[in-house]
Novice: 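For reference, the structure I am asking about is given below.
Order of the sequence lines sets the chain letters (A, B, ...), proteins ahead of strands, with each chain counted from 1.
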Amino acid sequence: MPTEADKAYDPVAVEADWRARWDRNRTNSFTLEELRTAERPFFNLMMFPYPSAEGLHVGNIYAFTGADVFGRFKRMQGHAVFEPIGFDAFGIHSENFALKSGVHPTELIPANVANFRRQLRRIGGMFDWDHTVDTTDPDYYKWTQWLFLQLFNHGLAEQKEAPVNWCPSCMTVLANEQVIVGACERCGTGVEQRFIRQWFFRITEYAERLLRNLKHIDWSDTTLKAQRNWIGRSDGAELHFPVAGSEREPGRTASGEDPGDEPAAETTRITVFTTRPDTIFGATYVVLAPEHPLVDAVTSNGCRADVEAYRARTQAKDMVARKKIEKRKTGVFTGGYCINPVNGDRVPVWIADYVLMGYGTGAIMAVPGHDERDFDFATTYELPIPRVIAAPGEDTSTPLEIAYEYPTGTLVNSGRYDGLDVEDAKTAIVGDLAAQGLAEAKVTYRLHDWCISRQRYWGPPIPIIHCEACGPVAVPEEHLPVILPHVEDFRPDATGVSPLSRVSDWYEVACPSCGGDATRETDVSDTFLDSAWYFLRYPSTDFRDRPFDPEITRRWLPVDCYIGGNEHAVLHLLYSRFVVMALHDMGLLHFEEPYDQFRAHGLIIREGAKMSKSKGNVIIPDPIIERYGADTFRLYLMFLGPFVEGGDYQDKGISGPHGFLHRLWESVVADDDQTPGDDPDPAVEQKLHQTIEKVTEQIATLRYNTAIAAMMEYLNAARAGGRAPARAEIEPLVCLVAPFAPHIAEELWRRLGHEGSVFDGANWPAFDPAKAAERVARVAVQVNGKVRGTVSAPAGADREAVVALASSEPNVARHLEGMEVRRTIHVPDRLLNFVVAEAAAIGSGSG
RNA sequence: GCCGGGGUGGUGAAAUCGGUAUACACAGGGGACUUAAAAUCCCCCGGGAGCAAUCCCAUGCGGGUUCAAGUCCCGCCCCCGGCACCA
């Protein structure tokens with residue numbers, strides 16, 4: 001006998017019950033054997049969270065719920081869906097929090113992870129808890145270190161000097177995002193740059209493939225665009241400007257006839273990169289980055305003091321400030337000159353910090369007439385600004401008020417190239433200079449090599465041993481993992497090197513190669529390395545002796561669907577693509593792109609404002625879940641707006657979805673005497689199939705908000721006028737709602753008499769187009785484009801039939817009176833439009 | 001500055017192969033049921049005029065194309081996110 005308590009919807013009880021059943025029945029977990037043999041495998045991935053001390057953020061819940069809805073939907077369509085979750089627990093966030101709170105990360109992180117696990121279970125995600133990953137677990141980072149070694153062994157890891165942000169007050173290295181307008185985010189002290197030897201992965205070797213493959217993968221457009229911009233291919237040329245006074249200048253003839261027979265090795269040349277070789281006649285000076293290696297060579301004695309002072313000033317600025325556009329460009333003349341290779345003109349050489357050593361060749365030819373930055377600089381230092389490109393309607397003498405930068409026009413003031421258009425001139429000039437050894441066509445990428453060294457504590461040690469005799473030596477694979485030693489005080493100190501460099505009994509080791517005295521690398525690796533391969537690990541966590549099992553990997557990878565935030569649209573996705581591509585080239589993976597499909601979700605705001613701790617308007621999930629249940633919370637989050645765009649969380653709005661689930665519950669768990677027979681009402685059944693069609697299509701395209709609206713509309717129709725829906729009307733709705741509200745769906749499915757989980761077996765309702773078809777169409781009738789009435793016509797009715805119906809509609813007839821119908825436009829089942837004009841000037845006026 | 005994405009009721013938002021603008025929900029108002037409350041159910045809800053039928057206006061602003069424009073084209077304004085001297 002069901003009791004009263006059994007009949008009321010108690011979300012907290014239902015959800016606790018079903019969490020227990022899922023665990024008991026292993027509903028969401030795969031055994032190793034199941035992973036090996038799964039039919040129709042579907043790898044549903046979401047970006048794993050950083051387990052913060054504050055607990056799961058609504059942003060996380062939003063993202064995970066959206067991904068989980070998709071996974072459950074696929075599962076109900078008969079796929080074997082693998083949906084793992086893990087913890088990205090290394091990195092500067094944990095370390096800084098630990099420094100501030102005084103709790104060591106080795107205590108902090110496990111506590112945070114435990115809390116996250118609890119919260120993740122509570123939201124009802126279909127997570128396989130037997131296959132999780134924690135990047136701080138030595139069993140995991142052993143393989144992160146292994147990955148480093150694979151790249152090292154294949155020549156893709158190398159050491160280079162590179163600048164870091166240094167705060168002289170905190171005595172620590174800062175990440176770029178910790179530098180706010182040139183100052184340390186914590187103490188406000190001005191940041192300097194220091195040069196340190198660091199490890200880099202040669203991702204730039206893969207730039208072209210990383211760019212090219214973007215054409216074939218199914219990703220959000222915005223993400224593809226962000227990747228393209230980041231890789232930043234630009235097509236241009238390197239041009240060589242011999243330094244005046246060094247040997248063997250080319251002849252001074254304007255046409256550049258002197259071929260300068262051999263490209264004389266002893267000639268010092270400044271090589272510039274430009275995308276506009278057509279403007280070379282307008283190059284009135286050359287600018288080197290202050291760090292450029294030729295600065296010393298070109299600087300005259302008279303200018304040396306100024307040059308040195310300027311270089312010192314530049315170095316004191318941090319990299320971030322230097323990248324900000326300042327109002328005035330600055331620079332100094334070196335006293336040196338070089339020769340414009342196209343006409344033999346002597347042009348002065350300057351240094352300026354608007355030229356960056358890290359891009360192109362670290363040197364530019366300045367064309368002030370056709371480049372805004374050069375224009376500003378030339379204006380400041382009163383350098384000449386000639387015109388060499390004329391737009392239509394302009395000529396040589398048209399004054400240049402601002403730089404003319406458009407890549408179209410005709411050359412002027414350019415010797416024998418005058419009259420050529422921009423594109424032809426590029427080819428001709430580069431071709432002619434190349435014949436003299438003074439130019440090469442060249443493609444440059446904005447993408448930099450990936451610096452993975454961190455002078456920090458909370459990360460996996462880089463598995464390298466430095467030996468005086470042998471150089472950097474890989475830690476032998478059998479010695480992995482290189483365990484991160486427990487260091488009580490891991491605060492960075494004045495030396496600016498990693499905290500691990502203070503642990504001599506850890507870093508002093510024998511060289512694996514020669515056995516001599518050697519030291520471990522004391523930097524740890526970037527968190528992005530941890531997350532660059534975690535999806536490979538998930539299905540293979542049953543193996544302790546290999547990072548990923550070939551057979552399992554072949555079945556499950558690449559990832560079928562990846563959902564995550566656009567804040568990782570660039571780096572994380574790019575790095576993981578690179579790692580996969582490299583492993584593919586080593587023969588370790590059968591694919592070279594990790595994610596078949598990627599979708600970026602939107603952001604949640606609250607009551608129209610961005611959420612932030614300082615505003616005190618963050619949504620705290622636990623109390624909401626306690627009050628309404630996870631199902632309501634999930635449903636509401638997905639209802640707020642389109643998943644890929646985000647939405648505005650308004651506290652009161654949750655009552656809508658909550659009421660919907662209550663009504664659904666009552667429609668199933670109705671009083672016995674109200675339970676009607678099994679025959680569905682034809683009109684309701686029609687609506688049902690229309691709803692199945694919409695919901696199926698909209699979930700597949702992540703338009704969850706409208707899918708939910710369609711279900712609400714259907715339930716309203718099925719309950720209209722207080723009627724109790726028939727079982728055949730309501731049972732399919734339980735299935736449709738299941739991806740969003742899995743606990744209540746399970747419970748109602750059980751109460752409808754089914755054994756086991758609604759997610760086992762392909763229970764997604766079948767759509768029958770015949771049942772969904774409308775038999776009567778409501779056709780809007782317009783006169784001159786204005787709606788004057790609607791008529792009901794049999795579906796598919798032809799023009800004459802609809803015209804006849806429409807003409808007898810009183811209001812339509814009134815508007816047609818005295819008018820001549822010139823045209824009639826008929827859109828079947830939708831609309832009829834009479835285009836009319838006054839028949840004659842005679843009888844005006846209507847009734 | 002550049003690259004994305006947007007501006008539709010009191011609010012979150014629907015509708016973009018051009019075809020009845022405002023689905024669904026919140027907030028608000030009225031009613032039924034109930035001892036009462038909750039829950040449920042029904043009705044109203046863009047602005048203006050009118051007793052009403054009905055008419056006019058309305059999708060950031062200004063033009064245009066079309067029988068027909070929230071949707072397409074041109075020119076602006078504003079908001080959000082990202083990148084930022086990339087030669």
Side-chain angles (χ1 to χ4, degrees), chain A residues 8-9 220-226 228-230 232-234 236 272-276 279 287 320 322-326 329 352-356 358-367 370-374 376-377 405 444-448 566-567 569-570 602-603 605 607-608 610 636 639-642 644-657 659-660 662-663 666 703 705-714 716 719-723 778-790 810-811 814 822-836:
Chain A
Y9 174 39
S220 301
D221 284 345
T222 55
T223 314
L224 289 173
K225 190 86 184 179
R228 271 190 202 106
N229 289 346
W230 191 263
R233 178 184 162 127
S234 63
V272 304
F273 175 73
T274 179
T275 56
R276 295 297 303 274
T279 62
V287 188
V320 173
R322 176 134 170 228
K323 283 180 180 166
K324 297 268 181 234
I325 302 171
E326 286 164 21
K329 303 230 179 299
D353 66 3
Y354 81 92
V355 174
L356 308 173
Y359 186 78
T361 59
I364 61 158
M365 64 175 199
V367 184
H370 304 282
D371 180 283
E372 193 188 346
R373 297 154 298 178
D374 299 340
D376 291 348
F377 189 83
E405 292 190 305
T444 296
Y445 300 89
R446 201 188 94 104
L447 180 67
H448 284 43
N566 238 338
E567 69 274 19
V570 176
L603 296 177
I605 58 172
E607 311 282 354
K610 210 169 150 177
Y636 182 44
F639 183 63
L640 292 177
V644 298
E645 285 166 36
D648 187 357
Y649 187 100
Q650 301 189 332
D651 295 0
K652 285 185 173 164
I654 198 167
S655 59
F660 169 73
H662 267 284
R663 290 190 287 278
E666 290 197 356
R703 288 176 298 161
N705 56 331
T706 53
I708 294 165
M711 291 189 275
M712 288 173 165
E713 209 178 323
Y714 172 66
N716 289 346
R719 289 167 60 90
R723 76 185 283 275
R778 291 184 44 78
V779 179
V781 182
Q782 300 182 334
V783 178
N784 279 352
K786 299 208 174 199
V787 179
R788 298 303 181 188
T790 56
N811 197 44
R814 194 164 64 84
R822 296 260 168 94
R823 260 174 91 183
T824 308
I825 284 132
H826 179 227
V827 182
D829 295 345
R830 303 284 293 173
L831 170 139
L832 186 72
N833 186 12
F834 292 109
V835 184
V836 302

Novice: Which nucleotide in the list B:A13, B:C86, B:U20 gets nearest to the side chain of A:Tyr359?
Specialist: B:C86

Novice: What's the closest nucleotide to the A:Asn811 side chain, out of B:C55, B:A68, B:C41?
Specialist: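 Nearest nucleotide to the side chain: B:C55.
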
Novice: Counting any heavy atom closer than 4.0 Å, what does A:Ser234 reach on the DNA or RNA strands: base, sugar-phosphate only, or nothing?
Specialist: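 Sugar-phosphate, no base atom in range.
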
Novice: May I have the distance from A:Asp648 (atom CG) to B:C24 (atom P), rounded to whole angstrom?
Specialist: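 One finds 21 Å between P of B:C24 and CG of A:Asp648, rounded.
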
Novice: Taking the side chain of A:Arg788 as heavy atoms from C-beta outward, which of B:C56, B:C67, B:A13 is closest to it?
Specialist: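 Selected nucleotide: B:C56.
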
Novice: Nearest to the side chain of A:Ala720 - B:C3, B:C42, B:U20?
Specialist: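 Between B:C3, B:C42, B:U20, the one nearest the side chain of A:Ala720 would be B:C42.
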
Novice: Do the side chains of A:His826 and A:Leu832 get nearer than 4.5 Å, heavy atoms only?
Specialist: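 Yes, close enough: below the 4.5 Å cut-off.
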
Novice: Expressed as a whole number of angstroms, how long is the span from A:Asp376:CG to B:G1:P?
Specialist: 14 Å

Novice: Using purine N1 to pyrimidine N3 plus N6-O4 or O6-N4 for Watson-Crick, or N1-O2 and O6-N3 for G-U wobble, each under 3.5 Å, what pairs with B:G62?
Specialist: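 Pairing partner: B:C74.
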
Novice: Round to the nearest Å and state the distance from A:Leu831 atom CG to B:A68 atom P.
Specialist: 12 Å

Novice: Give none if B:C83 has no partner; otherwise give the nucleotide forming a Watson-Crick or G-U wobble pair with it, both distances under 3.5 Å.
Specialist: B:G1

Novice: For A:Asn716, report the nucleic acid contact type (base, sugar-phosphate, nothing); a contact means any heavy atom under 4.0 Å.
Specialist: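 If one applies the 4.0 Å heavy-atom cut-off, A:Asn716 turns out to touch the sugar-phosphate alone, with no base involved.
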
Novice: Which atom names give the shortest non-hydrogen contact between A:Tyr354 and A:Ala366, and what distance separates them?
Specialist: OH-CB, 4.5 Å

Novice: Please give the distance between the C1' atoms of B:C67 and B:C72 as a whole number of Å.
Specialist: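 B:C67 and B:C72 have their C1' atoms separated by 16 Å.
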
Novice: Without decimals, in angstroms, what is the distance between A:Leu603 CG and B:C79 P?
Specialist: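 So the CG-P distance, A:Leu603 to B:C79, works out to 19 Å.
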
Novice: Identify whether any heavy atom of A:Ala363 sits under 4.0 Å from a base atom; if not, whether one sits that close to sugar-phosphate; answer base, sugar-phosphate or nothing.
Specialist: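 If one applies the 4.0 Å heavy-atom cut-off, A:Ala363 turns out to touch nothing in the nucleic acid.
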
Novice: Within this structure, what is the CZ-to-C1' distance between A:Arg823 and B:A68, rounded to whole angstrom?
Specialist: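 Answer to the nearest Å: 10 Å.
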
Novice: Between B:C83 atom P and A:Leu447 atom CG, what is the distance in whole Å?
Specialist: 16 Å

Novice: So do the side chains of A:Ile364 and A:Thr274 get within less than 4.5 Å of each other, counting heavy atoms only?
Specialist: no

Novice: Can you tell me which nucleotide in B:C86, B:A15, B:A27 comes closest to the side chain of A:Thr706?
Specialist: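 Minimum distance to the A:Thr706 side chain belongs to B:A15.
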
Novice: Does B:G31 adopt a syn or an anti glycosidic conformation, taking syn as a chi angle within 90° of 0?
Specialist: anti

Novice: B:C86, B:U20, B:U40: which one has an atom nearest the side-chain heavy atoms of A:Leu356?
Specialist: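 The answer is B:C86, which lies nearest to the side chain.
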
Novice: Using the side-chain heavy atoms of A:Met712, tell me which of these nucleotides is nearest: B:A23, B:U20, B:A25.
Specialist: B:A25

Novice: If you define the side chain from C-beta out and look only at heavy atoms, does anything of A:Phe834 sit under 4.5 Å from A:Arg788?
Specialist: no

Novice: Could you tell me how far apart A:Leu832 (CG) and B:G19 (P) are, to the nearest whole angstrom?
Specialist: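 Between P of B:G19 and CG of A:Leu832: 17 Å.
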
Novice: Rounded to whole angstrom units, what separation is found between the CH2 atom of A:Trp230 and the P atom of B:A84?
Specialist: 5 Å

